[in-house]
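Sharing a structure, written as structure tokens. Questions coming.
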Amino acid sequence: MVAENMAAETAAPFLDVEGLTIRFGGLTAVGGLDMAVAKGSIHALIGPNGAGKSTTFNCISRFYTPSEGRITYDGRDITRMPAREMAGLGIARSFQNLELFGELTVFENVLIGAHVHAGRSWRDAISARPRGIVEHVDELLERTGLTSYAQTKARNLDFGHQKMVEIARALAIRPKLLLLDEPAAGLRNREIAALDRLLCELRERDGLTILLVEHVMQLVMSISDRITVLSFGTKIAEGTAAEVRANPAVIEAYLGREAAHEAAHA
Amino acid sequence: MPARRALSGTALIGLVAAVIVAVALPVFTSGYVVYIANLLLVFVVLCLGLHIVIGETGQFSMAHAAFYGIGIYASALANRAVDLPYPVAMLFGALVAGAVGLFIGALALRMRDIYLALATFAFGEAMQWVFANWDSVTNGPNGLRISPARFGPIEILSDKQAYPFVLFFCLVMIGLTVAISRSRLGRSFRAVRESEVAAMAMGIDVRRARIVSFGLSAAIAGFAGGMFGLFQTFIHPDSLGFQTTILVLTMVVVGGLGSIAGAIGGAIVFGLISEVLRQAPQYQEIIYGAILILFMMYAPRGLFAFIGDRIREARHGR
């Protein structure tokens with residue numbers, strides 16, 4: 001039965017982006033992108049600066065609306081749904097430049113992440129510590145290594161911990177699809193290793209589907225089941241880490257034509 | 001329970017002392033002192049209302065005196081029109097003010113920061129004009145007589161008589177504000193204040209939160225208007241202008257923007273200061289201004305954060 005389920009799921013991608021085109025005035029930021037993210041996988045979207053990764057990311061999380069194309073999530077067309085409905089559907093996101101609730105404690109930041117679950121009953125809605133949800137928040141703080149900072153104002157944390165609050169808060173949504181915008185940017189090696197472990201655990205233990213935009217290749221190559229490479233708004237390669245790394249088009253996009261030539265003759 | 005930090009010892013002693021003073025006040029003081037106490041309690045509730053919209057949700061509402069005025073007129077007129085217990089008239093005042101607040105909140109959705117401040121300021125000015133010129137309803141520039149409040153057989157004719165009711169309603173409003181602040185709704189207000197995009201990503205309806213916070217803020221101000229009618233016999237449009245809004249704003253900021261204790265303490269401390277200044281009216285405005293400037297320079301997070309910091313420094317021996 002498990003096998004059957006898996007077959008059904010691989011047949012239809014969990015997140016399906018078809019012909020996604022985003023124009024800003026006369027500029028085409030992304031042109032006709034197709035990308036399929038399989039359920040329970042970690043899928044990375046990479047590319048040089050200005051490739052359109054974040055634009056694509058913001059379209060999927062519904063902060064931008066595409067000019068053309070279709071985004072299907074779990075069999076549902078979300079192309080034109082409002083951003084605030086994403087959390088209710090189980091889509092959570094983090095923000096590249098941090099959008100924490102700075103003056104609030106880490107605990108309250110993560111508790112607000114559980115907003116869509118905190119209003120099930122009247123009692124929950126008026127409670128400062130809704131039952132079932134507080135326990136989940138504590139567990140998330142534990143998993144992200146933030147327990148001892150629970151009562152610290154988010155803005156007083158160092159950058160690495162702030163990034164973790166972003167992820168913990170997104171996880172409080174109890175998402176099925178987690179969208180991470182450069183989660184490793186600015187982190188130290190030790191912190192990247194912890195992030196690597198956390199994301200793998202979320203995939204293995206929680207069955208989460210993760211789409212991340214990332215520049216830190218160390219992380220991308222280590223955890224991604226599949227990688228989509230964008231350059232100037234179009235997809236130039238897609239595949240496993242090994243396939244992408246060996247692809248001359250990718251090397252050219254990142255390092256320039258000569259380097260690609262050298263690599264091919266090495 | 002990490003999120004619910006217990007009251008510290010000194011805060012508890014202070015609270016108990018405040019309650020004793022508040023309850024015993026009419027016994028050992030003159031009618032004038034009780035009148036001032038009534039007025040301060042009304043300002044506490046006005047500050048709670050402004051705290052909801054500015055302190056919690058971060059939306060600049062500069063029309064607080066207008067909502068207060070709507071509450072005063074609506075409850076006074078309701079009290080005159082029908083012979084029901086006065087709390088019904090107070091609730092009517094809160095509802096009318098709240099409804100207008102929701103409407104203004106909806107209009108204000110497109111604006112933020114200084115634009116929002118100016119638009120709400122304009123609304124406040126317009127309302128004052130309505131109070132002064134809608135003769136058939138408000139009795140215009142002659143002011144409106146407020147008939148005595150009635151609780152069943154009890155008719156309130158003096159400040160001392162009104163005081164327990166004013167105190168009671170003030171405590172109810174404090175309780176209500178604390179409950180709102182701690183609830184899911186209060187969390188969504190603060191989320192909107194801190195980051196609208198993140199709030200949206202958490203599934204919070206930012207537009208709804210902004211409108212509701214305007215409505216609640218206005219309803220609380222309207223309720224304060226009803227409390228005013230408990231001990232006042234007369235209302236004149238002159239006292240419902242921008243100065244009153246600025247006075248309430250100053251109280252909230254001096255107490256500490258974003259904290260309920262700050263809103264309450266600011267109302268009492270700054271209210272007392274302005275009462276003392278009444279003895280020297282020629283210097284009143286200057287001293288007012290000086291206090292505000294000093295606060296903005298040395299205690300921008302408010303009186304209580306300032307005192308707290310000094311105590312902490314003293315404990316750690318600097």
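Residue numbering restarts at 1 for every chain, and letters A, B, ... go by the order of the sequence lines.
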*Can you tell me if A/Glu166 uses its side chain to pair, donor with acceptor, with the backbone of A/Glu99 under 3.5 Å?*
yes

*In residues 204-227 of chain B, which residues are in contact with chain A at a heavy-atom separation under 4.5 Å?*
B/Ile204, B/Asp205

*Between A/Pro130, A/Gly119, A/Ala114, A/Ala170, the one whose heavy-atom pairs under 4.5 Å with chain B are most numerous*: A/Gly119

*asked:* What I want to find out is whether A/Glu68 reaches A/Arg23 closely enough, with some N-O distance under 4.0 Å, to be called a salt bridge.
replied: yes

*Check whether any side-chain N or O of A/Asp181 sits under 3.5 Å from a backbone N or O of A/Ser94 as a donor-acceptor pair, and report yes or no.*
no

*asked:* Under 4.5 Å from any heavy atom of chain B, what part of A/Glu103 do you find: side chain, backbone, both or neither?
replied: both

*Any side-chain donor-acceptor pair under 3.5 Å between B/His51 and B/Thr177?*
no

*chain A contacts: which residues in residues 189-198 of chain B have a non-hydrogen atom closer than 4.5 Å to it?*
B/Arg190, B/Ala191, B/Arg193, B/Glu194, B/Ser195, B/Val197, B/Ala198

*So does A/Asp16 pair up with A/Arg70, basic N to acidic O under 4.0 Å?*
no

_Heavy-atom pair count under 4.5 Å with chain B, highest-scoring of A/Ser61, A/Gly102, A/Ala154, A/Ala92_ = A/Gly102

_Under 6.0 Å between ring centres: does that hold for A/Tyr64 and A/Phe57?_
no

*asked:* If I measure from the heavy atoms of chain B, does A/Ile112 come under 4.5 Å with its side chain, its backbone, both, or neither?
replied: both

*Are A/Arg174 and A/His136 side-chain neighbours, meaning at least one heavy-atom pair lies under 4.5 Å?*
yes

*Using a distance-only test with no angle check, is there a side-chain donor-acceptor pair under 3.5 angstrom linking A/His117 and A/Asp124?*
no

*Given side-chain contact (heavy atoms from CB on, under 4.5 Å), test A/Asp74 with A/Lys176 step by step and report yes or no.*
CA-CA 9 Å; A/Asp74 204 6; A/Lys176 288 183 250 168; 3.6 Å; yes

*Heavy-atom distances under 4.5 Å only: say whether A/Ser127 touches chain B with side chain, backbone, both or neither.*
backbone

_If I measure from the heavy atoms of chain B, does A/Arg169 come under 4.5 Å with its side chain, its backbone, both, or neither?_
both

*Name the option with the most non-hydrogen atom pairs under 4.5 Å to chain B; the candidates are A/Ala125, A/Ala83, A/Gly88.*
A/Ala125

*Portion of A/Phe95 that has a non-hydrogen atom of chain B nearer than 4.5 angstrom*: side chain

*Do B/Leu249 and B/Met62 have side-chain heavy atoms sitting under 4.5 Å apart?*
yes

*Any donor-acceptor pair under 3.5 Å from B/Thr120 side chain to B/Ala117 backbone*: yes

*Aromatic rings B/Phe43 and B/Tyr68: how do their planes relate, parallel, tilted or perpendicular, breaks at 30° and 60°?*
tilted

*With only heavy atoms counted, which part of A/Pro82 is less than 4.5 Å from chain B, the side chain, the backbone, both or neither?*
neither

*Under a 4.5 Å cut-off applied to non-hydrogen side-chain atoms, are A/Leu195 and A/Ile167 in contact?*
yes

*Measure A/Leu89 against the heavy atoms of chain B and call it side chain, backbone, both or neither at under 4.5 Å.*
neither

*Rounded distance [0.5 Å steps], CD1 in A/Ile133 versus CZ in A/Arg129*: 12.0 Å

